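Okay, structure first, notes after.
All of these numbers come straight from a predicted model, not from anything done at the bench.
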Amino acid sequence: MQTSYFFRPATCMLGLVLLFLSNSYAAFAQGVIRGKVSDAKGESIVGASVVLKGTVKGTSTNADGIFTLENMSNGNYTVVISAIGFTTREVRTSVPGSENLTVRLEETASNLNEVVVTGVFDKRERMDASIAISTLSAREIAQQVPVSASDLLKNVPGVFVNAARGEVNNQVYSRGVSAGGTNSGGYYYVSMQEDGLPVTNVQFNGGFFGPDFFLRADATLGRLEAVRGGSAAITGPNAPGGIFNYVSKVGSPDFSGEVRTKFGLEGNGQPFYRADVNLGGKLTEKGDLTYNVGGFYRYANGARYVGYPLNKGGQGKFNIVKTYAKGSLKVYAKYLDDRNGVFEQLPATNFNNPQVAPGLKNTDSFSTNKSLVFDYPVNSPTTLDRYNPANLYRSVDRAIGLDWNHALGRGWSFQNNVKYSSKRQESDGIAFTSPVALTSLYPYVLLGGLGTFGSYTFKDHLTGRTLATVTQAPNIVGGQFAGFNFIPGSTADLPGQNVQANSVLLSLLSKGTINVREVIDQASLTKKFNDKLSATVGTYIGVSHIESLGGTAGATLSTIENGPHQLDVSAVGFDGKSYQFTNPQGVASLGGTGGGFNTSDFRQKQLSGFASLTWKVIPKLVFDGGLRYDNVNINGTTLVSVTNPARATPGYGGADGNPLTVYDNIFGVAGAAPLAVAKTIETVSYSGALNYRWAQDLSLYIRYSDGRKAPDLGSFIGLNTDAALASVNVSPQRVQQLEAGIKVQRAKYNVFATPFYSLLSNIRVTTPGINPDNTTYNTPALLNSVETYGLELESNYSLTDHLSFRAAITAQKSTTKKWAFWNTGAPGPQDDVAVDVSGNRAEFVPNLMINFGPTYTIDKFSLFGNYRYMGSRAANVVNAFELPAYSQFDAGFTYNLTKALSLQGNVNNVFNSIGVMGWSPPGGFPSAIDPQGFTPAKREADPNAAYSILSVQPRSYYLTAVFKF
């Protein structure tokens, strides 16, 4: 017994020693999983995600593609490695023995197994998403030189993009959901988003204020997710046509960066300079606080140079992300200050094969001359502002936001994304330009000279040379005044007479300022009841305060040639007096063409509530349904300018008091009282779908959606009477869509095929008319509908280790199920007739769109191309003719000089194709403003008539140096 007592402390001590050694050995035995991730060429992939399967433990690769997972106990593991633009890989390994893994990822243009966040209320793989969604990775985006941010969407099936005007004021719609082709206003049916929220909640002014003025693609863009139709009816704010989400990069735990410098030659060799930068990394040792910052600056003369740079400016963006055990918090901000020109239409001939009119080229421009700088009155002879075309359209955006995701526990999670922005757009542009005959009354109405009889002289403002003379005289019949005669003297020296005889170019010079301050917030609460059932409820709030001032600063008559010259217009009246109709800069009608500047102050509020349910009916079959309620309230005032009553005073001399200097006699004044607008539009939309995961690499879905589109602010700004306000149709348009999807994901290829049907109804159509006194009016509204059948096909195929292909194809047929419009006939509404063209081909909807891109890679060199085919489109609803199909081919290469440094070359529009994206009828003003007035009979009567077209941008070359670190 004593002995046992003696050995008991020793035994305890021995046990403690053994326990210590055991724990020390266990700690020593903990190891690491370390490796390198690269692409098929052996180049390091920076920022790839590395996660232990079934856990939240993970990391990212550094600038050398290296990753390390520390404090690993001995055992077997599965590591999941993924990166945007690459196929996800699962690698089995064990500890010890995992210190030198080598993982190569195959590049894929579109991975159906990747996780998407757009068009769904919960993150999910594309294979499990019952929506038509396409994605573009940062690598795919960097490979291109898009004309604009919207131009990237040409890679998405089902989406029509018109980026012919330049970087801004473009048009996007999908699946034929468009009313009136180029007249439907930019992005009317879709939501252009940045990091999950709309770029702006308002658009108006015929597309001259909208999201693309404040959206730029640069090195900070991580991916683009594009949803067509379907779930957009319930996940998008008043945007049943689609959601296009530009998702920014966020920082990784390891520092990395990229610098891009680009030089180009656009159009006829005009220089293009651009620099992009993006940096990201961690702010704490643990890597739970990361940052990403970057942006771009660009200076370019433009593809159609007019004597001053057409694109200059840039943006900066940053975000900080805090991750914690139950969620993440992201703070993000953007500052944009950019100036952009907008291209005008050029005269063309040949309806079957449009070509720019002889004497002109597709690199020419009808934009105003740089010397056209002048002051003009703003509703008062003493309140002056300045017009300078070199100021272009200036867009300024200051935005800051917060995106918070938090797991509340017990299956509950919360997400809130809120953004405040202050936007300002200043415009020194052209509201309208078109040829006009000097032998018609319209130039003299614009000059303020109708009824001032005498001999008119038109001189080139830049050279002083007389180009034309015309005599205005009364037409006397039976001793009574019966109208006006315009008798040409000499017009032979006018340029562009092959376009239209005895004609010049009429341009209305627009000037405006728009300020928008808005808050956008989307919040959602999700409850996951079990593995089979989850539900989401949420709200969307958009509050916008819009202040605008806009009108016509002046008007010019100029030569029909590249870089038009203003014309100085004077007359010697039959009364012996000399009249000057243009100011010293060659501008007429200063401060307005009979009216002045309109001011508006509006508040638009949108409150939405939505709910969705996801139910796994059986293991392979999932039901996904949702409902959305939208309340859009528009409240504010518009003060429309009117003709200055002082003009009726005998001897009225305008701003300078001299009645013979007519150019400053025409400006308008503010109306007597503003028109108050208070409208509320309520809509309910719903959507339901079934997704069947037939196999791991095959899934099918079917979806029906019934969405509503409330009229936007543009329907109310500019109204001047209660009668005009009462005529506005506040009944929302209806968008019904039925679609099915077949998704196949294999090792070498994937296919996503989506047949669809869309019906757009309750389309309000009015036609502008002219009264006998040359004032304008709008015809009563007609309600129409368009239906479209089609098939979208998206596929990626790796033929060999070196050669791959990507294709996006849309075949569709779009017709006017019900369509009527007004033929206004002679001046005045008395002979207006409604013309029914139901069953015609819908205007501007192509029958076929193909986007096909091969890529060949060997060692350090890649060669890629992109073939685009745009099918024929009806030019108008009366189907007078078709805008013919055209093809465009882009090509490029990349060469990796080192792991960090590479060169990239691009040629856009290699064969300099002229693809028509917009047009105006022949005959000049006023025929040019009424495309439906150009009928098949008129085309047959004059098949060789010159008309105006807006074509795709001419050939351009770019060379980019990329440095990654």
When you compare the side chains of [X] and [Y], does any donor N or O come within less than 3.5 Å of an acceptor on the partner?
| X | Y | answer |
| --- | --- | --- |
| Tyr332 | Asp403 | no |
| Gln606 | Asp630 | yes |
| Asn278 | Thr220 | no |

Legend entry - Ring centers of Phe610, Phe121 separated by less than 6.0 Å: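 Here the rings of Phe121 and Phe610 have centres that are less than 6.0 Å from each other.
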
Legend entry - Centroid-centroid distance, Tyr629 to Tyr540, less than 6.0 Å: no

Legend entry - NZ (Lys322) with more than 12 external heavy atoms under 6.0 Å: yes

Inset, instruction - Could you pull out all residues at least two apart from Tyr297 that satisfy ring-ring contact (aromatic ring centres under 6.0 Å, His included)? - result: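 Listed in chain order: nothing, the list is empty.
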
Legend entry - Pairing residues for Tyr291 by the ring-ring contact (aromatic ring centres under 6.0 Å, His included) criterion, not counting sequence neighbours: none

Legend entry - Inter-residue atom distance Asp338.CG - Tyr393.OH, 0.5 Å rounding: 14.5 Å

Inset, instruction - May I ask you to decide if the ring planes of Tyr273 and Tyr299 are parallel, tilted or perpendicular, using 30° and 60° as cut-offs? - result: tilted

Legend entry - Sole residue of Arg394, Arg216, Lys423 in salt bridge (charged side-chain N to carboxylate O under 4.0 Å, His left out) with Asp337: Arg394

Legend entry - Geometric cation-pi criterion Lys511 and Phe597, 6.0 Å radius, 45° cone: no

